[in-house]
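Order of the sequence lines fixes the chain letters, A, B, ..., with proteins taken first and strands second; residue numbering starts at 1 for each chain.
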Amino acid sequence: MELSKNYEPSLVEDKWYSHWMAKKYFKSVPDSRKAYTVVIPPPNVTGVLHMGHTLNETVQDILVRRARMNGYNACWVPGSDHASIATEAKVVAMLKDRGIEKNSLSREEFLKYAFEWKEKYGNIIYGQIAKLGCSVDWDRVSFTMDNEYFAAVIKVFVDLYKKGLIYRGARMINWDVVAKTALSDEEVEYKDVTSKLYYVKYKVENEDDYISIATQRPETIMGDTGVCVNPHDERYTHLVGKKVIVPLINKAVPVITDDYIDKNFGTGVLKITPAHDINDYNIGLKHNLAVIDVLNEDGTLSQEAQILVGEERFEARKKVVELLKDAGLLIKEEIYDSRLGYSQRTNSVVEPKISTQWFVKIKELAQPALNAVLSGDINIHPGEKFLATYKYWLENVKDWCISRQLWWGQQIPAWYDDEGRFAVAENEEKAKKIFNTQYAIPNAHLKRDEDVLDTWFSSWLWPMQVFKGITAPGNTDINYYYPTSVLVTGQDIIFFWVARMIMAGMEFKNEKPFSDVYFTGMVRDKQGRKMSKQLGNSPDLLELIEKYGADAVRFGIMISSPAGNDLLFDESSLEQGRNFNNKVWNALKLIKIWQNKSVEESGIPSKEDNDFAVHWFEERLNEVKTNIEILISQFRLSEALKQLYSLIWDDFCSWYLEWIKPGFDQTLSKQKIAKTLYFFEELMQLLHPFMPFITEEIYHQLKERDDDLTVKQSSGIHDKNQALLKKGSLLKQAITAVRDARNKHQLKFANKIDLAIQTEHKVNYNGIQNILCKQVNAGSFRFEEASGGITVVVNADKFFIETENKIDQSFQKEKLLKDLEHLKGFLISLAKKLANDKFVANAKPEVIELERKKKTDTHDKIAAIEQSLRQIEAGI
RNA sequence: GGGAGCAUAGCUCAGUUGGUUUAGAGCAUCUGCCUUACAAGCAGAGGGUCCGCGGUUCGAACCCGUGUGCUCCCACCA
């Protein structure tokens, strides 16, 4: 069959993915081999994959495919996350578009819609993962709300409660007024904002005096239950113990003292609003102040506010300011820069709010998680960058608020009776039993907690739960696959997810969930913004695959993104990937042409004077193979890909194939073709984890075969032969130098030249003369000192390029003089270095040896150039 | 307020135990090529005070300090 002019991914990709699936290559079943396990960071079912996911999945696929080819039982578990609050927000918005209000639905009706949403978007995501070529085991797809998973989350909740690690209590939490739910600290994002500081008069009770208090949130003054100053602030000592009047509602509140107050900030007086600020809350607790919540759950003013009831909070702020002005109680306004917390999901300003919620006591879980990393049991890549962050967070982490006032998620397994007593159990029946034994209430009338759990309370079980390990004791998968090998994820969820998975692993399995963590950087747009669905600044993955092919997308995203480094996404690297595909494709076409020619036995066999090329390339291949082995074990994937790219494009295509290329009327010997096929196959095998589709296609194009590259086991490597590599680089240098000279002197390639070489080391040219001549179109080659023509110096050898054409000597003289100047300077620096006793005394022997060699070489080169210059002078 | 990271060619980035006055790649630029695999290509070329300053060292893009600029994380200053 005729091969297409350019590589066409669309003709290849789906075909091979279906084939791999049909052959069940990605399916993993426990066996006698060692497992290499990866669990995918489950994408949220809120939408589609962006470039950050693409980078993530590509890294995982490279590691997994490579492990598979190295004889491991590779298992990559796909799945998705229900993403409680994010998805619920999406579903609510979707319903609204259809004219349906969430609160007009029952819980069950709402969940039906939510599951429909999950089906739709979950499948889009899975489709993208497949398009990208990910070798996941589709029989193991897991979802954080699957029945078994659901049950495991509930069981974990109950267990932790029994251990006393979960409690219910009223605490100040972060409240999202749009989603009307509590948030964990980690779900709050702080942003710099410019706001105002209002200075308000608080009159002293029964006196003419007043004090000025600065506040950012005048709308909460109705919740003030005290005013606080520093005990050592003389300005206010006379007021301590007295009362001041809260403006607008004319309520008297006490003036108290606390060391917390900074005398130098604002007016040195803080109004205490315990319901709406964490500091105020703590001070209030200490001094027994009342808590008055002036906000409703939706962020409007409550009855407690007494005035402006029902007004939205920011609207209320404006109105309060107006009222204060009218009453003559506003002293001044100041522009003020501060930071405000925003809900990660709804982007609304978060309200600190006192609320009864469920919490996990995190300190006890944190210690083992910290130890696992500090002891080196778990290795983080790149370590130096994230270790400190991880440590700091775990050492300072506060209790985790896990209840959410939502429907989409695992409903909290707690049952209440009418009097507010409650029992935690897996189901209502068990809860009833607890009521019976604990409170002596048989047949209690119970109502389940309305709230669901934080989505991370389910995803922290991911590495063990995807093997159904907790709820299915008979299932031995988990023992085989756990702990998993490597976790690949973005650095932005180190606290949300990575740290908590380690906690869960240590707590529930008494073992780490993974051995290595690979943090990818953030993929950003040209303006440096993180790519996210919210911003809509990520290109569509399927469109990119359509345009460049999946292999090119994988190549482009990998080529310059070492672990942990951010990446400004640039489509030109995808173009580079596409061009690379094409290059490989064309190499295939060339080899096939040779193959066919050889089979037909037409033409004269080539002179077989190019064995050197074969030996040399074998050596280069071996060298890069070794490097890649090391690089991948260090998780330096982009560096490995880069070496491979250069090996294929430069060494294989530009050098090797040209070196062995037969003349017009010649053919290659069968052995040489076989050898070339072998090289090409090896290259494809090395490249396969990075670019699975084209490599598989080529593997089959090269030969009719029943086996597939995807599961081909890699072969070994042998010791390096430095001499061959050195000779190869001499050959390359010589060819480039002569070609350069040709270019400079406008000697077209078609103009044959004669080559004379003056060298002390004729042996260096053994076996490469013919290649050299062919590559520079030289008609003859001899060892001899010559004159006239063009002289170039390669190492210390002088090349005389003889030609019929007239040569302008000034060009080469200029070049030689430039080289000479440089080499002389170099020689001086070398001489200085070697004359330095300290250098000779301190440097490693091999370094000194190298410097000495350099000196001799440079010396020889200079001599050669000087001689050439003399000859040119004489010639002119 | 605390902490981390980054600063290398016009652009996007590599450069992992400090060792060539000569620091790499892709894109872009320049020169020459429709050379029978590839113009998404071939053969070459040009382009860099490795952010500034100081230090350690025989030797620094790399280690230390400091300054500047950018990014990120954490934190309860009204």
Side-chain angles (χ1 to χ4, degrees), chain A residues 3 5-7 172 190 197 213-217 228 260-262 265-273 277-282 336 338-339 352 382 384-386 388-389 392-393 396 491-492 494-495 522 524 526 528 530 556 559-562 564-570 572-573 575-576 578-594 634 636 638-639 642 645-646 653-654 657-658 661 664 735-736 739-744 746 748-750 777 822-830 832-833 836-844 846-848 850-851 854 857-858:
Chain A
L3 292 174
K5 183 171 183 308
N6 287 335
Y7 174 62
M172 183 152 274
Y190 289 88
L197 208 51
I213 302 181
T215 178
Q216 274 192 85
R217 306 201 56 192
C228 193
Y260 169 78
I261 307 301
D262 179 352
F265 191 89
T267 58
V269 188
L270 177 66
K271 72 188 190 70
I272 306 297
T273 322
D277 186 279
I278 181 69
N279 302 305
D280 294 18
Y281 177 71
N282 290 333
Y336 182 67
S338 67
R339 284 174 76 75
E384 65 285 358
K385 209 161 165 175
F386 297 110
T389 318
Y392 183 86
W393 188 77
N396 295 281
Q491 52 181 278
D492 51 338
I494 182 168
F495 308 133
M522 298 286 98
R524 300 176 184 282
K526 284 257 165 68
K530 194 157 97 180
I559 191 66
S560 55
S561 55
N565 278 20
D566 286 3
L567 172 77
L568 296 195
F569 181 71
D570 188 352
S572 74
S573 65
E575 225 170 281
Q576 190 186 352
R578 182 197 58 187
N579 294 354
F580 184 39
N581 273 330
N582 212 34
K583 188 72 183 174
V584 173
W585 186 248
N586 278 293
L588 168 73
K589 273 159 60 184
L590 178 64
I591 292 169
K592 291 210 70 135
I593 290 169
W594 291 346
Q634 298 168 332
R636 296 174 61 193
S638 61
E639 185 59 30
K642 219 176 271 187
Y645 173 80
S646 159
C653 293
S654 297
L657 290 180
E658 294 299 332
K661 194 180 244 176
F664 290 101
I735 292 169
T736 303
R739 282 173 176 171
D740 183 27
R742 274 177 164 283
N743 253 333
K744 288 266 154 60
Q746 289 160 328
K748 301 208 165 178
F749 190 79
N777 195 22
H822 166 250
L823 286 170
K824 278 186 168 166
F826 186 38
L827 188 65
I828 290 167
S829 82
L830 284 171
K832 236 194 232 166
K833 195 183 267 190
N836 185 332
D837 295 340
K838 286 184 179 167
F839 171 72
V840 180
N842 293 323
K844 279 182 268 183
E846 59 265 34
V847 172
I848 296 170
L850 196 69
E851 296 296 311
K854 275 189 236 164
D857 290 351
T858 311

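Nucleic acid contact class of A:Glu575 (heavy atoms, under 4.0 Å, all strands): none. Residue-level contact check: A:Ile494 touches neither bases nor backbone, having no heavy atom under 4.0 Å from any strand. Among the atoms of the strands shown, none is found under 4.0 Å from any heavy atom of A:Lys271. Here A:Asn836 lies in heavy-atom contact (under 4.0 Å) with sugar-phosphate atoms only. Heavy atoms of A:Thr736 sit under 4.0 angstrom from primed sugar atoms or phosphate atoms, though from no base atom. A:Ser646 comes within 4.0 angstrom of nothing in the nucleic acid, heavy atoms only. At the heavy-atom level, A:Arg217 lies nowhere under 4.0 Å from the strands shown. Across all strands shown, A:Asn565 has heavy atoms under 4.0 Å from sugar-phosphate atoms exclusively, and none from any base. Among the protein residues, A:Arg739 comes within range of the sugar-phosphate backbone only, with heavy atoms under 4.0 Å from sugar or phosphate atoms but none that close to a base. At the heavy-atom level, A:Tyr645 lies under 4.0 Å from the strands shown only through sugar-phosphate atoms. Within the 4.0 angstrom heavy-atom criterion, base atoms lie near A:Gly268. Within the nucleic acid shown, A:Lys661 comes within 4.0 Å of at least one base atom, counting heavy atoms only. Within the nucleic acid shown, A:Cys228 has no heavy atom closer than 4.0 Å to any nucleic acid atom. Residue contacts shown for A:Thr215 are limited to sugar-phosphate atoms, with no base heavy atom under 4.0 Å away.
Rounded to whole Å, the separation between the C1' atoms of B:G41 and B:A4 comes to 45 Å. Rounded to a whole angstrom, the distance from the C1' atom of B:C51 to that of B:G69 is 8 Å. Straight-line distance between the C1' atoms of B:G2 and B:A28: roughly 43 Å, to the nearest whole Å. If you take atom P in B:G44 and the same atom in B:G5, they sit 42 Å apart, rounded to whole Å. Separating the P atom of B:C30 from that of B:A14 is a span of 28 Å, rounded to the nearest Å.
The aromatic rings of A:Phe495 and A:Trp393 sit parallel, their planes meeting at an angle under 30°, below the 60° perpendicular limit.
Residues A:Asn282 and A:Tyr260 have side chains not in contact (no heavy-atom distance under 4.5 Å, counting atoms from C-beta outward). Between A:Lys744 and A:Asp740, some side-chain heavy-atom pair lies under the 4.5 Å cut-off. The shortest distance between side-chain heavy atoms of A:Gln491 and A:Thr389 does not fall below 4.5 Å. In this structure, the side chains of A:Ile272 and A:Cys228 come closer than 4.5 Å at one or more pairs of heavy atoms.
Distances shown here put every side-chain N or O of A:Lys748 at or beyond 4.0 Å from the OP1 or OP2 atom of B:U35. OP1 or OP2 of B:G26 has not a single side-chain nitrogen or oxygen of A:Asn579 nearer than 4.0 Å. Using a 4.0 Å cut-off, no side-chain N or O of A:Gln576 falls inside it from OP1 or OP2 of B:C27. Applying the 4.0 Å criterion to OP1 and OP2 of B:C42, one finds that A:Lys583 has a side-chain N or O inside that range. For the OP1/OP2 pair of B:A37 and a distance below 4.0 Å, the side-chain nitrogens and oxygens of A:Asn586 include no atom meeting the criterion. A sub-4.0 Å separation between OP1 or OP2 of B:A78 and a side-chain N or O of A:Tyr336 is present.
Atom-to-atom, CG of A:Asp277 to P of B:A78 comes out at 8 Å; the value is rounded to the nearest Å. The nearest whole Å value for the distance from the CZ atom in A:Arg339 to the P atom in B:C77 is 9 Å. Going from atom CG of A:Asp740 over to atom C1' of B:G46 covers 12 Å, rounded to whole Å. When rounded to the nearest whole Å, the span between CZ of A:Phe839 and C1' of B:U20 equals 11 Å. If you measure from atom OH of A:Tyr392 to atom P of B:G5, you get 16 Å, rounded to the nearest angstrom. B:G41 atom P lies 12 Å from atom CG of A:Asn581, rounded to whole Å. Note: CZ (A:Phe495) to P (B:C73) measures 10 Å, nearest angstrom. In this structure, the CG atom of A:Leu567 is 20 Å from the P atom of B:A25, given to the nearest Å.
Of all nucleotides listed (B:C38, B:U71, B:U20), B:U20 comes nearest to the side chain of A:Lys854. Nearest nucleotide to the side chain of A:Arg636, out of B:C58, B:U16, B:A78: B:U16. Residue A:Asn6 has its side chain nearest to B:A40 when only B:A40, B:C58, B:C76 are considered. Nearest to the side chain of A:Phe265, among B:C77, B:G41, B:C58, sits B:C77. The side chain of A:Lys844 lies closest to B:U17, out of B:U12, B:U17, B:A75. Among the nucleotides B:U71, B:C58, B:U12, the one closest to the side chain of A:Arg524 is B:U71. Here B:A37 is the nucleotide among B:G19, B:A37, B:G44 with the atom lying nearest to any side-chain atom of A:Cys653. The side chain of A:Ile278 has B:C76 as its nearest neighbour among B:G44, B:C76, B:C77.
No N or O donor and acceptor, one from the side chain of A:Glu658 and one from the base of B:A43, sit under 3.5 Å apart. Between the side chain of A:Lys833 and the base of B:C58 there is no donor-acceptor pair of N/O atoms closer than 3.5 Å.
For B:U71, the paired base is B:A4 (Watson-Crick or G-U wobble, both distances below 3.5 Å). Base pairing of B:A25: its partner is B:U12, meeting the Watson-Crick or G-U wobble criterion (both donor-acceptor distances under 3.5 Å). With a cut-off of 3.5 Å on both Watson-Crick or G-U wobble distances, the partner of B:G18 is given as none. Look at B:G41: its Watson-Crick or wobble partner, with both distances under 3.5 angstrom, is B:C33.
Partner A:Phe580 forms a ring-ring contact (aromatic ring centres under 6.0 Å, His included) with one of A:Tyr7, A:Trp585, A:Tyr645 and no other, that one being A:Tyr645.
In the model, A:Asn586 has a side-chain atom that pairs as donor or acceptor with a side-chain atom of A:Lys589 under 3.5 Å.
Atom CG in A:Asn279 sits 9.5 Å away from atom CE in A:Met172 (nearest 0.5 Å).
Each of A:Gln491 and A:Phe580 was matched to the nucleotide of RNA chain B holding its nearest heavy atom; the match closer to the 5' end belongs to A:Phe580. Comparing A:Tyr260 and A:Ile559, the nucleotide of RNA chain B nearest to each residue sits closer to the 5' end for A:Ile559.
Of all non-hydrogen atoms in A:Ile213 and A:Thr267, the two that sit nearest each other are CA-OG1, 3.7 Å.
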